[in-house]
Amino acid sequence: MAGKKIEETLTVSLGERSYPIYIGKGILGEVGAKLRELRCGTSAAVVTNNVVAPLYLGKVVRSLRDHGFETTTIEIPDGEEHKNLAWLTFVYDRLVDARLERNSPILALGGGVVGDLAGFAAATFLRGVPFVQLPTTLVAQVDASVGGKTGVNHPEGKNLIGAFYQPRFVLVDVRTLKTLPKREFTAGLAEVVKYGVILDPDLFALVEERLPALQALDEDLLVQVVRTCCAIKALVVAEDERESGFRAVLNFGHTVGHAVESLTEYRRYLHGEAVAIGMAFAARFSAARGLCKQETAERVVRLLKRAHLPVTIPKEIRGKPLALAVETDKKIRGGKIRFVALEDIGRTRFLEVDPEEIGEFSQRSD
Ligand code: NAD
Ligand code: GLY
């Protein structure tokens with residue numbers, strides 16, 4: 001029966017742009033039924049990549065066709081380096097060829113790269129068509145698919161071109177994580193830990209306690225954890241959709257994380273790994289400033305290490321290079337960084353910080 005296996009339905013409350021997040025085990029085949037409920041035409045396009053397509057595209061297309069959708073599939077090559085204007089144009093060209101109309105939905109099937117690019121295509125094609133997220137990485141399931149940030153990279157920087165554009169629904173099948181490379185899953189755990197650190201001590205304690213089960217992909221636990229993370233993100237987004245204030249709490253660990261990513265040319269670390277380094281830095285920096293207890297910072301670092309995430313900034317980029325990279329980040333205002341500092345597990349505060357201080361502290365943060 002349609003909808004039988006959907007175990008959780010959350011709502012992102014944004015007035016007339018509100019939407020559900022469906023979470024469950026083995027629910028990818030429910031997408032057609034859910035799309036039908038939107039009453040949005042009879043044609044659809046699925047954007048995915050060459051890694052995800054052989055795994056899950058067949059199931060999605062079957063479900064859509066079973067529910068009366070004529071379906072076009074658009075495959076981009078795997079990798080962050082394809083989240084750019086050239087591949088966006090490729091997607092537009094396929095959409096034009098397929099003669100999709102204003103009410104024809106675009107579905108993103110894949111990780112954050114596919115989601116961000118397909119979302120921006122949906123936001124802009126014919127001035128906006130319905131958009132659906134089918135996230136298949138942990139990063140995308142707990143973060144990228146929820147909240148409406150879409151976009152592509154520019155040679156001068158990540159995500160420089162984009163739009164806020166909310167999906168009509170998000171459907172999370174945690175079973176898709178079974179095929180995800182371990183390293184990618186671990187990178188996603190960094191984002192899970194982040195939600196615990198910034199807003200939910202119970203989630204943090206749950207991850208501490210059940211880390212081995214989580215790493216073994218216990219499906220019930222995955223549903224619980226993904227649901228908790230999505231609920232937190234939904235709350236933050238409902239409060240501050242366009243990041244004029246509170247939403248920036250999600251950037252915990254990202255100031256240094258982004259700098260580490262760019263200084264290592266996006267080759268050495270996955271995003272989540274760089275964020276783990278940034279979170280460890282933020283926790284230690286906060287303790288050194290007397291904002292949180294030393295043992296709180298140690299607790300954060302310990303959990304990241306247990307999850308097999310990196311927690312130290314490579315020696316060669318500490319000091320000046322790091323300060324400079326932080327300074328060139330697009331989030332700087334009036335020479336100061338709006339840094340998310342830690343007060344306790346589940347509690348943060350914003351702090352105006354000079355990039356120099358970050359550079360200096362990086363010399364002694366192990
Ligand atoms: P990704 O999309 O590159 O996916 C990681 C790898 O896993 C890729 O090789 C992909 O092909 C593969 N893959 C995906 N699902 C799979 C599965 N089920 N089984 C096997 N392999 C699978 O990376 P990501 O970590 O999902 O996303 C990172 C991107 O998301 C970045 O571009 C980042 O900027 C963006 N992002 C956006 C937001 C947002 O709010 N929009 C938030 C966080 C990250
Ligand atoms: N990933 C951070 C945000 O969505 O705001």
Exercise. Is the closest side-chain heavy-atom distance between T176 and L28 below 4.5 Å?
Worked result: yes
Exercise. Under the criterion side-chain contact (heavy atoms from CB on, under 4.5 Å), which of K194, E261, M279 is the partner of H254?
Worked result: K194
For this session: State whether R227 and E8 are salt-bridged, where the test is any N-O pair (Lys NZ or Arg NE/NH1/NH2 against Asp/Glu carboxylate O) under 4.0 Å.
Result: yes
Problem set entry | F285 side chain near L342 side chain, heavy-atom distance below 4.5 Å | no
Problem set entry | Pairwise side-chain contact, R299 with F204, heavy-atom cut-off 4.5 Å (strictly under) | yes
Problem set entry | Check against side chain to side chain donor-acceptor pair (under 3.5 Å), D78 and N49 | CA-CA 5 Å; D78 181 37; N49 75 15; 3.2 Å; yes
Seminar exercise, completed: d(Q215 CD, T186 OG1) to nearest 0.5 Å is 6.5 Å
For this session: Side-chain contact test, heavy atoms from C-beta onward, threshold under 4.5 Å: evaluate it for H271 versus E80 and give yes or no.
Result: no
Exercise. Less than 4.5 Å apart, any side-chain heavy atom of Y269 and any of V275?
Worked result: no
For this session: Compute both the distance and the angle, then confirm whether R94 meets the cation-pi test with F90: under 6.0 Å from the six-membered ring centre, within 45 degrees of the axis.
Result: yes
Exercise. Do NZ/NE/NH1/NH2 and the carboxylate oxygens of R302 and E208 come within less than 4.0 Å?
Worked result: no
Problem set entry | Between Y19 and Q166: side-chain donor-acceptor atoms closer than 3.5 Å | yes
Exercise. Any donor and acceptor pair, going by atom type alone, linking the side chain of D116 with main-chain N or O of V152 inside 3.5 Å?
Worked result: no
Exercise. Has K178 got more than 12 heavy atoms of other residues, nucleotides or ligands less than 6.0 Å from its NZ?
Worked result: yes
Seminar exercise, completed: Between the CD1 atom in I232 and the CG atom in L235, the distance rounded to the nearest 0.5 Å is 8.5 Å
Exercise. Say you draw a straight line from OG1 of T296 to CD1 of I345; how long is it, rounded to the nearest 0.5 Å?
Worked result: 6.0 Å
Exercise. Would one find more than 12 heavy atoms of other residues, nucleotides or ligands at under 6.0 Å from atom CD of E101?
Worked result: no
Exercise. Got a donor-acceptor contact below 3.5 angstrom from the T73 side chain to the V46 backbone?
Worked result: no
Exercise. Looking at side-chain heavy atoms only, is the closest gap between V31 and L134 below 4.5 Å?
Worked result: yes
Exercise. Do the charged groups of E273 and R183 touch, with an N to O distance under 4.0 Å?
Worked result: yes
Exercise. Passes side-chain contact (heavy atoms from CB on, under 4.5 Å), L117 versus F120? Steps please.
Worked result: CA-CA 5 Å; L117 185 139; F120 190 60; 6.0 Å; no
Exercise. Between R289 and E357, is the closest basic N to carboxylate O distance under 4.0 Å?
Worked result: yes
For this session: Please assess Y165 against T124 for the test side chain to side chain donor-acceptor pair (under 3.5 Å), listing each intermediate value before the final yes or no.
Result: CA-CA 9 Å; Y165 193 67; T124 46; over 6 Å; no
Exercise. With distance as the sole test, does S145 use its side chain to make a donor-acceptor pair with the main-chain N or O of A140 at under 3.5 Å?
Worked result: yes
Exercise. Under a 4.0 Å N-O cut-off, is there an ion pair linking R268 with E316?
Worked result: yes
Problem set entry | N/O donor-acceptor pair under 3.5 Å between Q133 side chain and Q141 backbone | no
For this session: Any chance you could measure L222, atom CG, to L214, atom CG, to the nearest 0.5 Å?
Result: 5.5 Å
Exercise. Would R36 count as a cation-pi partner of F69, with NZ or CZ less than 6.0 Å from the six-membered ring centre and within 45° of the ring normal?
Worked result: yes
For this session: Would you indicate whether the side-chain heavy atoms of L138 and E184 approach each other to under 4.5 Å?
Result: no
Problem set entry | Separation of L217 CG from R175 CZ (nearest 0.5 Å) | 11.5 Å
For this session: Check whether more than 12 heavy atoms from other residues, nucleotides or ligands sit under 6.0 Å from atom CD of E70, and answer yes or no.
Result: no
For this session: Taking the side chain as every heavy atom from C-beta outward, state whether L38 and P105 have any pair of such atoms under 4.5 Å apart.
Result: no
Exercise. How far apart are the closest heavy atoms of L107 and A44, and which atoms are they?
Worked result: CD1-CB, 4.0 Å
For this session: Verify the neighbour count for atom NZ of K25: are there more than 12 heavy atoms of other residues, nucleotides or ligands below 6.0 Å?
Result: yes
Exercise. Given the rule in the side-chain contact (heavy atoms from CB on, under 4.5 Å) test, do L211 and L189 qualify, once you have shown the distances and angles that lead to the verdict?
Worked result: CA-CA 10 Å; L211 183 62; L189 279 181; 4.0 Å; yes
For this session: Please determine, by modelled atom types, if T48 and Y56 share a side-chain donor-acceptor pair under 3.5 angstrom.
Result: no
For this session: Check the pair V237 / R247 against side-chain contact (heavy atoms from CB on, under 4.5 Å), numbers first and verdict last.
Result: CA-CA 6 Å; V237 168; R247 183 165 177 168; 3.8 Å; yes
Exercise. Just checking, K34 and Y22: is the charged tip under 6.0 Å from the six-membered ring centre and within 45° of the axis?
Worked result: yes
Problem set entry | V139/L270 under side-chain contact (heavy atoms from CB on, under 4.5 Å): CA gap, chis, key distance, verdict | CA-CA 11 Å; V139 167; L270 297 176; over 6 Å; no
For this session: Please say which of L57, T136, T137, L180 ends up in a side-chain contact (heavy atoms from CB on, under 4.5 Å) with V52.
Result: T136
Problem set entry | Sidechain-backbone polar pair: S362 side chain, R318 backbone, donor-acceptor under 3.5 Å | no
